[in-house]
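As C-alpha cells, the structure follows; a few thoughts come after it.
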Amino acid sequence: ARWRANLLAVDIDRPAVWQRIAGIVREGNATLSAPLRAGALASIDHAGADLLTDTPAIAQWLLAQERALDLASLAYLDGERHLRVSLAMDLIVQTVSDARPGCSLAYLATPTDVFAVPPEAVAMAQQRLQERDLLSRGLQKGLHLATGDRFFQPQYEQLVNGYGLSDCLVIEQGPNYALAKRLQQWRALEARARGLRVSLNVAPSTTTASVVKNPALAAGFAGADRFGIEVFEPDTTNALMAALWVHDLRAAESKANPAQALAHPFELFMDQACHGGLWRSPYLARSALPFAAALGWVRQRF
C-alpha cells in the first residue's frame, strides 16, 4: 500500500475486516478495489466475498478487470479448512491465468516444510555439527542413544543429485497444512513451466497470531534461538516478503522470471529463501524442537 499499488483485495465480508484493510490503504498510497455483496451499496461496509463459497464469483470478478494481474494466494485458515481454501485459491488462479496471458503468481512458502537446499547450506550444517563443544556433544549423544535416535538427529547425511534435503516438517501443524503447501509448490512449478512469472519465496518463521496460539509452537519459537533459529516479528516479515515480491515482478535476473534457466526446478524455492537458519541447522528440526520448546516454556514463565 505504501508503494502506490493498485490493490484488488479479497477477504471475508465482515465490516471490521474491511475497515482494517481500508485503514492500511489510507495510511499508504494505494488504490483499493473490492467485491461487493449482491445488491449492496458501494460502501466498504458491504465489501467482501468468501473464498470457500464464492469461488466462481471471485474468479469472474477478477476476470472483469480485463487485464493481466499479479495473483497472490495468501489466505490461511485452521485445520482442514486451510486445504480447502488453498484449493479454492488454486481454482481462481488457474481460471484467471488461463484466460489472461501475462498474469503472474505469488505464494509464501513456510520454512517448516521439505525442500531441496544448496550444498553450501549442507556444508554449514555439517560443520556446525562437528564444531559442538564437548559438553553439548556428550549430552546430545546420550539423549540420542537413550531415546532410540529420536532426539538430535543430524539433518543431512548425504547430497542427492548435488542438493541436500531439508525436512523441517513440524508434526503439530498437521497433514492438511503440509498438503496445502505442497499444492502451492506444485502449482508454482507447473505455472513457471508454462511460461508464467512465479514468485514463491520461503518466509521465515514468524510470531503470527495463527502460530503463537498453539502453545507448543509458541514455546518452541521462544527457545529456537538456542539452536541458531531466528524467529521474525510479523511487521518485519511483511516488509521483507513484500520487497522480495516486487523484486520478483521487476527484476529480469530473478528466478521468478521463466526466461531464467534453472539447473533444477526446485531452485525456484532455494533462491532468496529466508529460512531463519533452519536449512543450516545441524539437527533435524523436529528432533530438537522439544528441547527448544522446554527452554521457551521456562523463558515464558520466568
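Quick note: numbers below take in every heavy atom, side chains included, and nothing from hydrogens, waters or symmetry partners.
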Evaluation steps, salt bridge (charged side-chain N to carboxylate O under 4.0 Å, His left out), between R197 and D70: CA-CA 9 Å; R197 187 177 285 256; D70 302 311; over 6 Å; no

Joint cluster assignment, M124 & L159, ILVMFWY side-chain distance < 4.5 Å: no

Shortest non-hydrogen contact between A116 and Y163, atoms and distance: CB-CB, 4.3 Å

Heavy-atom donor-acceptor pair, N257 side chain to A252 backbone, under 3.5 Å: yes

Residue list, ring pair (Phe, Tyr, Trp, His ring centres under 6.0 Å) with F221, at least two apart or on another chain: none

hydrophobic_cluster_shared for I229 and L217, side chain cutoff 4.5 Å: no

Under the ring pair (Phe, Tyr, Trp, His ring centres under 6.0 Å) test, residues paired with H247 that sit two or more places apart: none

Salt bridge (charged side-chain N to carboxylate O under 4.0 Å, His left out) partners of residues 226-235, not counting sequence neighbours, each pair once: none

For D78, all residues meeting salt bridge (Lys or Arg N to Asp or Glu O under 4.0 Å), sequence neighbours excluded: K213

Worked check of side-chain contact (heavy atoms from CB on, under 4.5 Å) between I92 and L51: CA-CA 9 Å; I92 292 168; L51 283 162; 3.6 Å; yes

Cationic N near anionic O, under 4.0 Å, E190 to R187: yes

Co-members of L91 in a cluster of I, L, V, M, F, W and Y side chains, linked at under 4.5 Å: none

Between CZ on residue R20 and CZ on residue R14, distance to nearest 0.5 Å: 11.5 Å

A34 to W61 - nearest heavy-atom pair and separation: C-CZ2, 3.4 Å

Any side-chain heavy-atom pair of V117 and H275 under 4.5 Å: no

All pairs passing ring-ring contact (aromatic ring centres under 6.0 Å, His included) where residues 80-113 contributes a residue, at least two apart: Y76-H82, H82-Y177

Distance-only side-chain donor-acceptor flag, E131 / Q127, under 3.5 Å: yes

Hydrophobic cluster of W3, others only, ordered by chain and residue number, side-chain cut-off 4.5 Å: V246

Atom CG of N161 with >12 non-hydrogen neighbours under 6.0 angstrom: no

Qualifying residues under side-chain contact (heavy atoms from CB on, under 4.5 Å), relative to A99, sequence neighbours excluded: L63

Approximate separation, where rounding is to 0.5 Å, of R100 CZ and Q65 CD: 9.0 Å

Any donor-acceptor N or O pair under 3.5 Å, side chains T206, T208: no

Ring center gap for F291 and F151 short of 6.0 angstrom: yes

Shortest non-hydrogen contact from T237 toward P204: OG1-CG, 3.6 Å

Closest non-hydrogen atom pair between A219 and A293, with its separation: CB-O, 3.5 Å

Step-by-step side-chain hydrogen bond (donor to acceptor under 3.5 Å, both in side chains) determination, Q173 to T112: CA-CA 9 Å; Q173 290 182 301; T112 54; 2.7 Å; yes

Within 6.0 Å of CZ in R4, more than 12 heavy atoms from elsewhere: no

Same cluster (ILVMFWY, side-chain, under 4.5 Å), W18 and L74: no

Test item: S86 side-chain N/O and A180 main-chain N/O as donor-acceptor pair under 3.5 Å: no

N201 CG to L240 CG distance, which is reported to the nearest 0.5 Å: 8.5 Å

Non-neighbouring partners of A292 that pass side-chain contact (heavy atoms from CB on, under 4.5 Å), sequence neighbours left out: F227

Distance, nearest 0.5 Å, that separates CG of L262 from CG of L268: 6.5 Å

Inter-residue atom distance L71.CG - S104.OG, 0.5 Å rounding: 6.5 Å

Partner residues of A191 under the side-chain contact (heavy atoms from CB on, under 4.5 Å) criterion, sequence neighbours left out: L105, R194, L196, V198

N-O pairing of R182 and D113 below 4.0 Å: yes

Distance in Å, D90 CG paired with T55 OG1, rounded so as to fall on 0.5 Å steps: 11.0 Å

Joint cluster assignment, I171 & L289, ILVMFWY side-chain distance < 4.5 Å: no

4.5 Å side-chain heavy-atom contact, T110 and V202: no

Closest contact, heavy atoms only, Y156 versus S166: OH-CB, 3.4 Å

Nearest heavy-atom neighbours spanning V25 and A1: CA-CB, 4.3 Å

Short side-chain to backbone donor-acceptor contact, Q155 and S281, under 3.5 Å: yes

Short N-O contact, D50 and R37, less than 4.0 angstrom: no

Whether K255 side chain and Q272 backbone form a donor-acceptor pair below 3.5 Å: no

Partners meeting side-chain contact (heavy atoms from CB on, under 4.5 Å) with D167 (sequence neighbours left out): V114, L169, L284, R286

Hphob cluster co-occupancy, M241 + V231, side-chain heavy atoms under 4.5 angstrom: no

Ring pair (Phe, Tyr, Trp, His ring centres under 6.0 Å) against F115, all qualifying residues, sequence neighbours excluded: W279

